**Student:** 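Dropping a structure here in structure tokens format, bear with me for questions.
Residue numbers start from 1 in every chain, and the chains themselves are labelled A, B, ... in the order their sequence lines are given, proteins ahead of strands. Only a predicted model underlies this, so the values are computations on that prediction, with no experimental measurement involved.
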Protein chains: 2
Amino acid sequence: MSVDQAAKRDIPDATVARLPGYLRALGQLTVQDVLSVSSEELAHSAGVSSAKLRKDLSHLGSYGVRGVGYDVAHLTYQISRALGLTHDWPVVIVGMGNLGRALASYGGFATKGFKVVALLDRDPQLVGERLDELTVQPMGELVSLVTPGEACIGVIATPAASAQDVADLLVAAGVSSILNFAATAIQVPEGVHMRKVDLSTELQILAFHEQQRSASVADELLEGAG
Amino acid sequence: MSVDQAAKRDIPDATVARLPGYLRALGQLTVQDVLSVSSEELAHSAGVSSAKLRKDLSHLGSYGVRGVGYDVAHLTYQISRALGLTHDWPVVIVGMGNLGRALASYGGFATKGFKVVALLDRDPQLVGERLDELTVQPMGELVSLVTPGEACIGVIATPAASAQDVADLLVAAGVSSILNFAATAIQVPEGVHMRKVDLSTELQILAFHEQQRSASVADELLEGAG
DNA sequence: ACGCTCTTGTGAACAAATGCACAAAGTCGC
DNA sequence: GCGACTTTGTGCATTTGTTCACAAGAGCGT
């Protein structure tokens, strides 16, 4: 048992970040009634190299069959288990603007491992509104919704200006994992896990690569001329 | 000049991914009328270590002053330039569901480096609707909007089922950078830059760490008892 | 001018991640 | 059974990224 957990514990971060991608690719194979898949095929669907995929999976254990490949259902289960998706995690979404609504109505939650248990907003105008079988509640309800000690994931979908306040409230209520969609960096105390998703960051990274491309094209022209 | 570009070219990926965060932190300092900042302070606002920040900035050039720190305005300019944000990049958003609307009305575009030039949707019901000074157009307009050779960033905010089709259309029209918000992996030809933003991936990574936490708490209890 | 204090920029050590190449281990046809 | 073939799992080399620790500068008071 301790061995089992130790095996899980040292899964590298880079691997953990790719596991959801494998899980998604496996989901597509499942609906296509594919029973078995090779590392080559699965890696291609997930957009990685097969060597990387195999090394990633080897961190979870040895679940493939040499000469054959991986059993789709079994590998799905093993990855889910490694990620901790064998039971549903409660999620509270704070901020019911455009983005909050989009997230709340996003189907991806229910399907795998998560359950939105509450929608919160500071604005009294929005409180009481029903969205997808849930009623928007005021921020004050936060403490009664989260049981400290029992894990819960908080999603921040507020404007940047209120993000830090909301994060502080979430932490005070006992939330230990936060996903921040607001366009600002927020500070959380040690022990709270925080991840950030941000449109402009992603666009800026793409812009950098576009710029590199045009710069190198320009260089080639110059070299050709020189 | 070639030296200048060569310096830019070998900025490590990990550094590029962090530059937008520094830019954002600098923006906050700017509105607070702070003129100068040390690596320690800036690193803290951006949530990284000061050593990492300094090494990252050293890849852009030597823009700090020893004993003093960095000039906020000048560093902002240098990072913007490195990322290619000295002029606006055109962005087309495909898919005007909840998410597409949220993205379209997201203020972050205009402020720095990007300009939404078109909103597209396959659904005739949505075509013609006005959102933030733009009219939703049918997919067919794509080719007339994008000038091949001139860089343009495409954002996919459609359901997963149509994401691959949309990506193919974008590529065919000449878009060379794609940001995919759909909950599916898409394949793009070599030479097209693709990034993926996905709620469930992020949640699953958080779930993994929550699970690690509870596992290690359980372990400690067992050790204490044993 | 000089020494004191501060903070950058960077070389060198260290750590993490990736890619390669192949032995190990399985299936299948005969 | 057995040899041919397939595909996994992994040791090793390489690349990429991070951390440390400090010399090299820059400002300041005297």
**Student:** Are there over 12 heavy-atom neighbours, none belonging to A:Q187, within less than 6.0 Å of that residue's CD?
**Tutor:** yes
**Student:** Looking at the base of D:dT10, is there any donor atom on it, or on the side chain of A:K55, that sits under 3.5 Å from an acceptor on the other one?
**Tutor:** no
**Student:** Check every atom of C:dG19, D:dG9, C:dT8 against the side chain of A:S62 and return the nucleotide holding the closest atom.
**Tutor:**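 From the listed options, D:dG9 comes nearest.
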**Student:** Let me spell it out: for each of B:S38 and A:S49, pick the nucleotide of DNA chain C with the closest heavy atom. Which residue's pick is nearer the 5' end?
**Tutor:**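 Nearest nucleotide further toward 5': that of B:S38.
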**Student:** Whole Å only: how far is the CG atom of B:L42 from the P atom of C:dG9?
**Tutor:**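 Spelled out: CG on B:L42 to P on C:dG9 is 12 Å.
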**Student:** D:dA26, OP1 or OP2 - any side-chain N/O from B:Y70 closer than 4.0 Å?
**Tutor:** no
**Student:** Among the nucleotides D:dG9, C:dG19, C:dT10, which one has an atom lying closest to any side-chain atom of B:R54?
**Tutor:**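 Of the options given, the side chain of B:R54 lies nearest C:dT10.
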**Student:** Measure CG/A:L57 against C1'/C:dT18 and give the value in whole Å, please.
**Tutor:** 15 Å
**Student:** At their closest point, which heavy atom of B:A160 faces which heavy atom of B:A183, and how far apart are they?
**Tutor:**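 Looking at all heavy atoms of both residues, the closest pair is CB-O, 3.9 Å.
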**Student:** Measure from OH on B:Y63 to P on D:dG25 and round the result to the nearest Å.
**Tutor:** 19 Å
**Student:** Return the value, rounded to whole Å, for the distance between atom NZ of B:K52 and atom P of C:dT8.
**Tutor:**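 So the two atoms are 17 Å apart, to the nearest Å.
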**Student:** Could you tell me the separation between the CZ atom of A:R66 and the C1' atom of D:dT6, rounded to a whole number of Å?
**Tutor:** 12 Å
**Student:** Contact class for A:T15 (heavy atom, under 4.0 Å): base, sugar-phosphate, or nothing?
**Tutor:**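 No contact.
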**Student:** Using only side-chain N and O atoms of B:S39, determine if any of them is under 4.0 Å from OP1 or OP2 of C:dT8.
**Tutor:**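 The answer is yes; a side-chain N or O of B:S39 sits under 4.0 Å from OP1 or OP2.
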**Student:** Is it the case that A:S200 and B:R24 place a side-chain donor and acceptor less than 3.5 Å from each other?
**Tutor:**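 Indeed, the side chains of A:S200 and B:R24 share at least one donor-acceptor pair under 3.5 Å.
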**Student:** Just how far, in rounded Å, is C1' of D:dT16 from NE2 of B:H59?
**Tutor:**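 Taking NE2 of B:H59 and C1' of D:dT16, I get 11 Å after rounding.
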**Student:** Do B:S176 and A:E210 pair up side chain to side chain, a donor and an acceptor below 3.5 Å, judged on atom types alone?
**Tutor:** yes
**Student:** What I want to check is whether the side chains of B:H44 and B:E40 have a donor and an acceptor closer together than 3.5 Å.
**Tutor:** no
**Student:** Can you pull out the residues from residues 17-29 of chain A that lie within a 4.0 Å heavy-atom distance of DNA chain D?
**Tutor:**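 None, since no heavy atom is under 4.0 Å.
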**Student:** Using heavy-atom distances to pick each residue's nearest nucleotide on DNA chain C, tell me which of B:V65 and A:V65 is more 5'.
**Tutor:** B:V65
**Student:** For A:A51 and for A:V68, find the nucleotide of DNA chain D with the closest heavy atom, then tell me which residue's nucleotide is more 5'.
**Tutor:** A:V68
**Student:** Please find the pair of heavy atoms, one from A:H59 and one from A:K55, that lie closest to each other, and give the distance.
**Tutor:** ND1-O, 3.0 Å
**Student:** Specify the separation, in whole Å, of atom CG of A:D13 and atom P of D:dG17.
**Tutor:** 15 Å
**Student:** Output the rounded distance in Å from CG (B:D56) to P (C:dT8).
**Tutor:**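 Atom-to-atom, B:D56 to C:dT8, this comes out as 14 Å.
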**Student:** Look at the aromatic rings of B:H209 and A:H193 and report parallel, tilted or perpendicular, splitting at 30° and 60°.
**Tutor:** parallel
